[in-house]
Structures are given as structure tokens and as C-alpha cells.
Amino acid sequence: MLHSGTHPTYTALRSLLEPLLKFNHVPLHILSYVPIFQCLTGHNLSKLGQQIHAHMILRGLEPNAFLAAKMVAMYGSSGDLFSAMTVFDKINYPTVILYNSIIRACARYGYYEKAIGIYFRMHSLGLKGDHFTFPNVLKSCADLSSVWMGKCVHGQSLRIGFEFDMYVGTSLIDMYVKCGDSTDARKLFDKMTMRDISSWNALIAGNMKDGEISVAEDLFRTMPCRNIISWTAMISGYNQNGLADQAFCVFEEMLKKDSNVKPNWVTIMSVLPACAHSAALERGRRIHDFASSIGLDSNVCVQTALVAMYAKCGSLVDAFRCFEGIPRSERSLVSWNTMITAYASHGCGMECLWTFEDMIRAGIKPDTITFTGLFSGCSHSGLVDVGLKYFNCMNTVYSVKPRVEHYACIVDLLGRAGRLVEAKELVDRMPIQAGPSIWGALLAACRSHHNLEIAEIAARMLFVLEPENSGNYVLLSNMYAEAGLWKEVDNLRALLKCQGMKKSPGCSWVEVNGKAHLFIGGDTSHPQAKEIYMLLDMLLEALPGEDKGSWLHT
DNA sequence: CTAGGGTTAG
């Protein structure tokens, strides 16, 4: 926005607007408006643009295709797609520039189908796309992961002669990569005469997405030069593939060896998950300190990623401290969701509810993730009726339609509280097809509350829905064993054997003073195993209430 | 105009 009278845009705009204001009664030529809209583009000034637009209408001025392109770009750049479309639709003889502006606006704000649709209309009118058109159309195909559409556009770009354009080439690589067709992306890359650093980066990201880590590493090593995006692609690629240590090492290597690159907020966000899943709290703190040292700790995305990192490392205190550090007015939907989820995973149901209510007060509209977080928080704290209350009004009050994952949470909520009959009834009358997550939640609840009758129903559904998941057979078999139904146990064991399955053992580990301690389900190989099991027994004794069984299994 | 991106139950 224009904050002060000294802002360059402001001064430029004033000199442009002067004739408009001075000669209010003199009809100006429409082309006088061109520099005005150009000036407003990219500064989030669509409100001001609208006023000038109104000024035109009052004077009875209709934009031609050239001016309309500038107006569409102005509205489009600030996300006002509605106004952009209105201007666009009124033009009878559109030009390529006008099409480019509207396609770009649609592609930038996620209206991918619209962007592609408009492109095809343009094509059918005999207008040829140029090197501004194709990258935006291809980006839309990429984000919809529609190879079919992408190949069609690819063909048209070849016919028009953009085979050797670097931007179009890179966009094509990106499109094939995002559609999961890395082979075609590679072919294109090998054929390119001029390669940009972005072409390499797109291919690296693609191979990382496919789990082709060594191919990505080769590309990274052999590329002529690397920028911050190349490094970040490697870091986030390792994290996507669960290779946290490699991600962290590459991050450190980048800091040590490549002094030409400067880490930015995306880099920090990409490296943080490397400490968010094991007991790597110290590593997380180091990255936090580093982010602060280069002034990136005031970025909302970084702050939100820090909240998630601390929560996953087990430090709810630090997570909350980071959340509190985000100015209220800057907290995004994702920030609130992250904090709610953090409380939920730490079993703080009440705090989940307070945070949710606070979010509503702050004027942020909840989404589907907000509610999964909220319900799982209620579920872990036994806040059954509050959870149900929110579930029943999520659509009417907050206009978020319940989805499968919400039903799964509610089944879990009822199930943990032992209200299995209600849970089963909910599954029976839910409007969506119940999948493995639903039946799985029900089966787990039956296990901890020893309800064999409903467990059998859920298990049979799961045997059909995911026959390869051995856990379901084992769970039911254990329940039969508990009830002393040895014949049924044998039947299930036989079934399991003839399908050639083995339950993969459960395992966990902790890091103490930098040394990892590994535990496999039922194993006693740890040097202090005896003491550990004794302590576990003591903990179980000390636990309050009826629900001890389920603690062991969650 | 192209490349890297924070939140999802158990």
C-alpha cells in the first residue's frame, strides 16, 4: 500500500492523476489511463484502481483491448479476479496481451481450470500464444497434474515454434515433473539447447519427488552453478524422503561452502522438518537461533514452522512461545491450525478449545484441518460432548463440511470414551463411504474396550478394504486370544500365513545425550531392559482410572 | 513469464 507521500509509486501516481482531477469535465482519451493502471499494478491497489475505473465509466469511456489488458493485470495482481474477469469479458476483439493478463491472473491465484479454458478459447480464435502465455498455461496444467492437458499445450507450443525457449522449456519440465512423468521431463531436459539454472532445479525437485535421490544428487553435483533454490530443493527433497540427517548435512554444507548463496525463509522452512520428527530438539534450537541471527524469525511462515517443529520435538512451551511471538494480526489460518494441532498432540484438549475460540474471535475462518485438530484434542482429553457439539455445528456455523477424516476423529472420540455403540451408529448413518481410517479407529476402540462383537464387524470390513495390512489380523487375533477363543485365533493365524504375511514389528527410539536407543516390540536386548520394564509397570500402576489398556497401545 | 514452500487424526 501507499503509506506515505514520498513513496515513488505515490509521486508517480499523483502526476498521472492530476490531469484527471483538473479537467474533470474534459473527456480524456482512454489511452491516458494506460500509465495509471500500469502504475497501480503489483502494489495491491485494486481499490484505488476501482475508483479510477469508476471515473472512466462516469465519463462514458469504454476500454479497448490494449487498456483492458492493463486493467486486467492491475486487478489480477492484487487478486481481484472478479473485476479482472468483468473487464476481460467486455472486450469484443481481444488480443494476445489481454489473454496473457487474464491467464496469468488466473494461474497465479489457483484458478487453473479457468486459465486453461481461457487459453483454449484463445487458441480456437486463431490467436497464437507467445512466450508469456505458455509458462502460465503450463503452470496451470502442472498444478492440476494433468499430463493430458499439458501434452496438448506442449504440442501447440512446438507448432508455434517455442521449442527452444528457455522459459517454456523449464515450464514444460516442471509440468512433466509435477504430473509424475520424470522420464519425459528428463528427455526434454537433455534436448534443451539452452539450459537455465531453473531447468536444473525443476528436474532436481522432480527426481526428489519420485524418490530418485541418487539421480537428484548427480544433477546437483554436475550442474554448472547452484543458487539458493538448488540447495533448498535438495534439503526439502531429503526431508520429503525421510532423510532428515542428509537434509541437515546439506544445509550445513551450504552454509560452510557456498558463500554465494543466502538462505531465505523458504530454506529455513525446508530444513526445519529435519528436526521435527525425532528427539532432535537441540538441532531445532540451533536452526531457530540461526534464523534469528539473519532476521528471518519475524517471517510468519518461519514462525509457524517453528511452532510445528517445537511441538513435534515435544516442547510445547517453546511452541507456544513462538506462537505468541507472531503478532495477532499476522497469524494466518495455518498458524492457528498449527497451534491447535500442537495442543491436540500433547493432550491439551481445553487449550485446543480456547485457541479455537480465540481464532474465531480473531476473525479467521476455520478449515478442515482446524477441525481435525480440534477433534483429536477433544478425543485425547475425553472431552466427548464438547467435541460432538462442534462436530454437529461445523457445517451450519462455520461452513466446513464434515469429511471422512472428521468422521474418523469422531469415531475415535466416541470409541476412546467407550461409547462404541454410538460410534458404530455414526458409521452406519454417515453420508460418506466409510474407509479404512473409520473402521480402523473403530477397531482400535473395540480393542481397548474389549468389544468383540463390533470388533468383528470392523475387522471384516478392513480385511476387504486393506487385505495387505497385517495389523488388522493381528489385532483381532489378540482379541480372540484375550477372550480365550483359541479356535478363532488359529483360523486367523492360518489365514495370515496362507497370504504370506508377517506383521512388521513395532519399534521406537529415543536420543539420550546424543546416543540413540532402539526398542523393538517385545525385545529385551537393551542393556537396561529390566529396569525399563520395571519402570513401565510402575507407570501403569500410577496411571489413573479405567483406561490403562489403551495407553499401552497408542 | 520458469525452479525451492508452514498445518491432518493413529
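All heavy atoms count here, side chains included; hydrogens, waters and symmetry mates do not. The chains referred to below are lettered A, B, ... by the order of the sequence lines, with proteins before strands, and numbering in each begins at 1.
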Which pairs of donor and acceptor atoms, one on a side chain in residues 367-374 of chain A, lie under 3.5 Å apart (sequence neighbours left out)?
{"unit_1": "A:Asp367", "atom_1": "OD1", "unit_2": "A:Asn337", "atom_2": "ND2", "d": "3.1"}
{"unit_1": "A:Asp367", "atom_1": "OD1", "unit_2": "A:Ile369", "atom_2": "N", "d": "3.1"}
{"unit_1": "A:Asp367", "atom_1": "OD1", "unit_2": "A:Thr370", "atom_2": "N", "d": "3.1"}
{"unit_1": "A:Asp367", "atom_1": "OD1", "unit_2": "A:Thr370", "atom_2": "OG1", "d": "2.9"}
{"unit_1": "A:Thr370", "atom_1": "OG1", "unit_2": "A:Asn337", "atom_2": "OD1", "d": "2.6"}
{"unit_1": "A:Thr370", "atom_1": "OG1", "unit_2": "A:Asp367", "atom_2": "N", "d": "2.9"}
{"unit_1": "A:Thr370", "atom_1": "OG1", "unit_2": "A:Asp367", "atom_2": "O", "d": "3.4"}
{"unit_1": "A:Thr372", "atom_1": "OG1", "unit_2": "A:Thr368", "atom_2": "O", "d": "3.3"}
{"unit_1": "A:Thr372", "atom_1": "OG1", "unit_2": "A:Ile369", "atom_2": "O", "d": "2.8"}

Spacing of [X] atom [atom1] relative to [N] atom [atom2], expressed in whole Å:
| X | N | atom1 | atom2 | result |
| --- | --- | --- | --- | --- |
| A:His346 | B:dA9 | NE2 | P | 12 Å |
| A:Phe162 | B:dC1 | CZ | C1' | 11 Å |
| A:Met223 | B:dG4 | CE | C1' | 11 Å |
| A:Ile340 | B:dG6 | CD1 | P | 19 Å |
| A:Leu374 | B:dT8 | CG | P | 15 Å |
| A:Ile204 | B:dG4 | CD1 | C1' | 10 Å |
| A:Trp336 | B:dT7 | CH2 | P | 18 Å |
| A:Asn472 | B:dG10 | CG | C1' | 12 Å |

Side chain A:Thr372 and base B:dT8 donor-acceptor under 3.5 Å: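 Absent.
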Could you check whether [X] gets within reach of a base, just the sugar-phosphate, or nothing at all, counting any heavy atom under 4.0 Å?
| X | result |
| --- | --- |
| A:Asp196 | base |
| A:Val300 | base |
| A:Thr304 | base |
| A:Asp367 | nothing |
| A:Asn264 | base |
| A:Ser332 | base |
| A:Ala205 | sugar-phosphate |
| A:Thr133 | nothing |

Parallel, tilted or perpendicular: which describes the rings of A:Phe162 and A:His131, with under 30° parallel and over 60° perpendicular?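 The rings of A:Phe162 and A:His131 sit tilted, inter-plane angle from 30° to 60°.
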Inset, instruction - For residues A:Phe463 and A:Leu476, determine if any side-chain heavy atom of one lies less than 4.5 Å from a side-chain heavy atom of the other. - result: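 Heavy-atom side-chain distance check passes, below 4.5 Å.
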[X] side-chain proximity, nearest of [options]:
| X | options | value |
| --- | --- | --- |
| A:Thr341 | B:dT8, B:dT2, B:dA3 | B:dT8 |
| A:Ile228 | B:dG4, B:dA9, B:dG6 | B:dG4 |
| A:Phe132 | B:dC1, B:dG4, B:dA9 | B:dC1 |
| A:Ile197 | B:dG4, B:dG10, B:dA3 | B:dA3 |
| A:Ser236 | B:dT2, B:dG4, B:dG6 | B:dG4 |
| A:Asn337 | B:dG4, B:dC1, B:dT7 | B:dT7 |
| A:Tyr167 | B:dT7, B:dC1, B:dA3 | B:dC1 |
| A:Arg104 | B:dA3, B:dG6, B:dC1 | B:dC1 |
| A:Arg416 | B:dG10, B:dT7, B:dG6 | B:dG10 |
| A:His131 | B:dC1, B:dT7, B:dA3 | B:dC1 |

Original post:
Is the distance from OP1 or OP2 of B:dA9 to the nearest side-chain N or O of A:His380 less than 4.0 Å?
Top reply: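 No, because none of the side-chain N or O atoms of A:His380 sits under 4.0 Å from OP1 or OP2 of B:dA9.
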*Partners passing side chain to side chain donor-acceptor pair (under 3.5 Å) against A:Thr232 (at least two apart in sequence or in another chain)*: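 Result, side chain to side chain donor-acceptor pair (under 3.5 Å) vs A:Thr232: A:Thr267.
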Residues in side chain to side chain donor-acceptor pair (under 3.5 Å) with A:Tyr111, at least two apart?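 In terms of side chain to side chain donor-acceptor pair (under 3.5 Å), with neighbours along the sequence ignored, A:Tyr111 is linked to no residue.
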Q) Nearest heavy-atom pair of A:Ala276 and A:Cys313: which atoms, and what distance? A)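 Looks like CA-SG, 4.3 Å.
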Point to revise | Salt-bridge present (A:Lys187, A:Asp181; N to O < 4.0 Å) | key: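 Salt bridge: no.
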**Prompt:** Which pairs count as salt bridge (charged side-chain N to carboxylate O under 4.0 Å, His left out) when at least one residue sits in residues 376-385 of chain A, sequence neighbours excluded?
**Reply:**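 Sorted pair list: A:Asp385-A:Arg419.
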Notebook entry, point to check: Taking only residues at least two apart or on different chains, which pairs with a member in residues 314-323 of chain A satisfy side-chain hydrogen bond (donor to acceptor under 3.5 Å, both in side chains)?
Noted result: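 For residues 314-323 of chain A, and leaving out neighbouring residues, the side-chain hydrogen bond (donor to acceptor under 3.5 Å, both in side chains) pairs sorted by first residue read A:Arg285-A:Asp318, A:Ser315-A:Asp318, A:Asp318-A:Arg321.
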query: So which of residues 399-407 of chain A are in contact with DNA chain B, with a heavy-atom cut-off of under 4.0 Å?
result: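 Within this stretch, A:Glu405 sit under 4.0 Å of the strand.
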